[in-house]
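As the structure is a computational prediction, the values presented were derived from the model and not from experiment. Letters A, B, ... are given to chains in the order of the sequence lines, protein chains preceding strands, and every chain is numbered from 1.
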There are 2 protein chains.
Amino acid sequence: MRPVQHIKLAVDAVVFGYQQQKLHVLLVQQKYGIMKGKWVLVGGFVKDEESLSDAVKRELAEEAGVKVDYMEQLYTFGDDVGRDPRFRVVSVAYFSIVNPKGFKLKADSDASDAQWFAIDELPDLGYDHKIILRAAQQRLSAKLSYQPIGFDLLPKEFAFSELEHLYSTLLDKTIDRRNFRKKILSFGFIEETGKMQAAATGRPAKLFRFNKQKYHQLVKDGFHFDVSLL
Amino acid sequence: MRPVQHIKLAVDAVVFGYQQQKLHVLLVQQKYGIMKGKWVLVGGFVKDEESLSDAVKRELAEEAGVKVDYMEQLYTFGDDVGRDPRFRVVSVAYFSIVNPKGFKLKADSDASDAQWFAIDELPDLGYDHKIILRAAQQRLSAKLSYQPIGFDLLPKEFAFSELEHLYSTLLDKTIDRRNFRKKILSFGFIEETGKMQAAATGRPAKLFRFNKQKYHQLVKDGFHFDVSLL
DNA sequence: ACAAAAGTGTTAATCTTACACCCATGT
DNA sequence: ACATGGGTGTAAGATTAACACTTTTGT
């Protein structure tokens, strides 16, 4: 009893990056079709024999030339029956984090044109992608407090002031520099590299790195990452 | 450019209830089809013009005669291309909580036969429903600590020992009775009913109720529910 | 009077918060 | 020498964790 059903299944990816002290999101401009000229999330229809996560990775590679470090399922948007004006599309949205310095975007492919946008300077988004993006932003803020994903947004070696700035910007909170540093260092998986940041001005900062192995070991031993409020 | 796609979209619901001091889950037995005789989660295909959440509610009503208080999207299972042996099915799983005393199950409809199963006495499940159920169980445990969903599992009026037993069973932790009571009462949204529990044996317990209004008010004022570990 | 479960308070230890001055570098 | 951002410690307050005896009821 194969059902008669005309719903199409798509995936969309919200990819976050951090640049110039600001959260950015990856968007592509549609060159053809009903949304011509509009900016939208990277995404597309799932192939019959392809897993959902493979579909996302394929679209990211095809449309933007991006390979992501960290990706997880965000939410499936399918309650608004008319979210795509052409026909019914249910979309599984993914949430991802990347260091933008890692690659060059496909800025002028045949079908699209990928670009980073600062989260506070977004263009008009097509479909319901603004809603998806907002959901992803909430997830990002929430995760920041209980998972060490902040480090995926920064370069491998970073100064404490950068980490601090990231947290205070994304969570929209003021942070006590001393308490923040104390807490983060007390975890035991942030280590000094021994290097210094070339300072534009002021005293040069020590550079640190996130030790993933140590972190995973600690988690196994029952550690819970928590940087709530501060 | 309508895509050529043969993926079917389904929904499945993991409905939890609490009975006889144990967590239960709602299952239906298939009477026909490839999974004949197997127990599975309540679920089915989404209709072309129906929202995902409406599809879940419809299936719950049709297959089990259940109306749920609390429901949220759990996860979309679509990475295993062969999870349904007939053809490709992607399923959006929902997570729900119910007080089983609220209704009589449709125990002998045409297509199915609904029943509660204690979580530690499960039958063999069809499809990948064991995996979906495990994911739901993890979500339940996690939520228990940071959202007041425990109260949805209990009767409207309950004794502290019941709440305590629920938490210690579902989180598999031992609880200090005094500290637990102190903490829960300190929230300010659990109130005495003035009634007493008819005790089988021992001193009768005071009955309490969860004041939803007060809880929502507190959340608005910045309150965060948290019953971690203890 | 005894068995069974409910109810209750105090203390030590830990974690969190608030807060201000000196340091290293470039101009 | 001054401007700029980096680095650091301590004390008060709040929260959590550990712990055992008395009360109420039914038999």
- Note on the structure: A:Ile175 atom CD1 is separated from C:dT17 atom P, nearest whole Å, by 12 Å
- Rounded to the nearest angstrom, tell me the gap between atom CG in B:Leu185 and atom P in C:dG9. 12 Å
- How close or far is atom P of D:dT16 from atom CG of A:Asp226, stated in whole angstroms? 12 Å
- Item | Length of the CZ-P vector between B:Phe180 and C:dG9, whole Å | 18 Å
- Return the set of residues passing side-chain contact (heavy atoms from CB on, under 4.5 Å) with B:Lys156 (not counting sequence neighbours), or none when no residue passes. none
- Message: Checking A:Asp128 now: which residues fulfil salt bridge (charged side-chain N to carboxylate O under 4.0 Å, His left out) with it, not counting sequence neighbours?
- Response: A:Arg83
- Name the closest nucleotide to the A:Lys183 side chain, picking from C:dT8, C:dT16, D:dG7. C:dT16
- Message: Run the ring pair (Phe, Tyr, Trp, His ring centres under 6.0 Å) test against A:Tyr18 and tell me which residues pass, sequence neighbours left out.
- Response: none
- Message: Going by the rule salt bridge (charged side-chain N to carboxylate O under 4.0 Å, His left out), which residues pair with A:Lys130 if we only count those two or more places apart in sequence or in a different chain?
- Response: none
- Residues forming a salt bridge (charged side-chain N to carboxylate O under 4.0 Å, His left out) with B:Glu192, sequence neighbours excluded: B:Lys206
- Message: In whole Å, I'd like the distance from the NZ atom of A:Lys173 to the P atom of C:dT17.
- Response: 11 Å
- Task: With sequence neighbours excluded, tell me which residues meet side-chain contact (heavy atoms from CB on, under 4.5 Å) with B:Phe103.
- Result: B:Val66, B:Val98
- Query: Rounded to whole angstrom units, what separation is found between the CG atom of A:Asp176 and the P atom of D:dT8?
  - Reply: 14 Å
- Tell me: CG of B:Leu207 to P of C:dA6, nearest whole Å? 11 Å
- Note on the structure: Heavy-atom contacts, protein to nucleotides 20-27 of chain D, under 4.0 Å, summarised as B (base), S (sugar-phosphate only) or - (none) per nt, yield B--BBB--
Scan nucleotides 10-14 of chain C against the protein and return all N/O pairs shorter than 3.5 Å with their distances rounded to 0.1 Å.
from: C:dT10; atom 1: O4; to: B:Lys182; atom 2: NZ; distance (Å): 3.1

- Message: Assess whether a salt bridge exists between B:Lys195 and B:Glu157, defined as any Lys/Arg side-chain N lying under 4.0 Å from an Asp/Glu carboxylate O.
- Response: yes
- The reported gap from CG in A:Leu144 to OG in A:Ser228 (rounded to nearest 0.5 angstrom) is 11.5 Å
- Message: Among D:dG6, D:dT16, D:dT8, which nucleotide has an atom closest to any side-chain atom of A:Arg181?
- Response: D:dT8
- Query: In chain order, what residues pass the salt bridge (charged side-chain N to carboxylate O under 4.0 Å, His left out) check against A:Asp124, with sequence neighbours excluded?
  - Reply: A:Lys38
- Task: Quickly work out the A:Lys195 NZ to C:dA24 C1' distance and round it to whole Å.
- Result: 21 Å
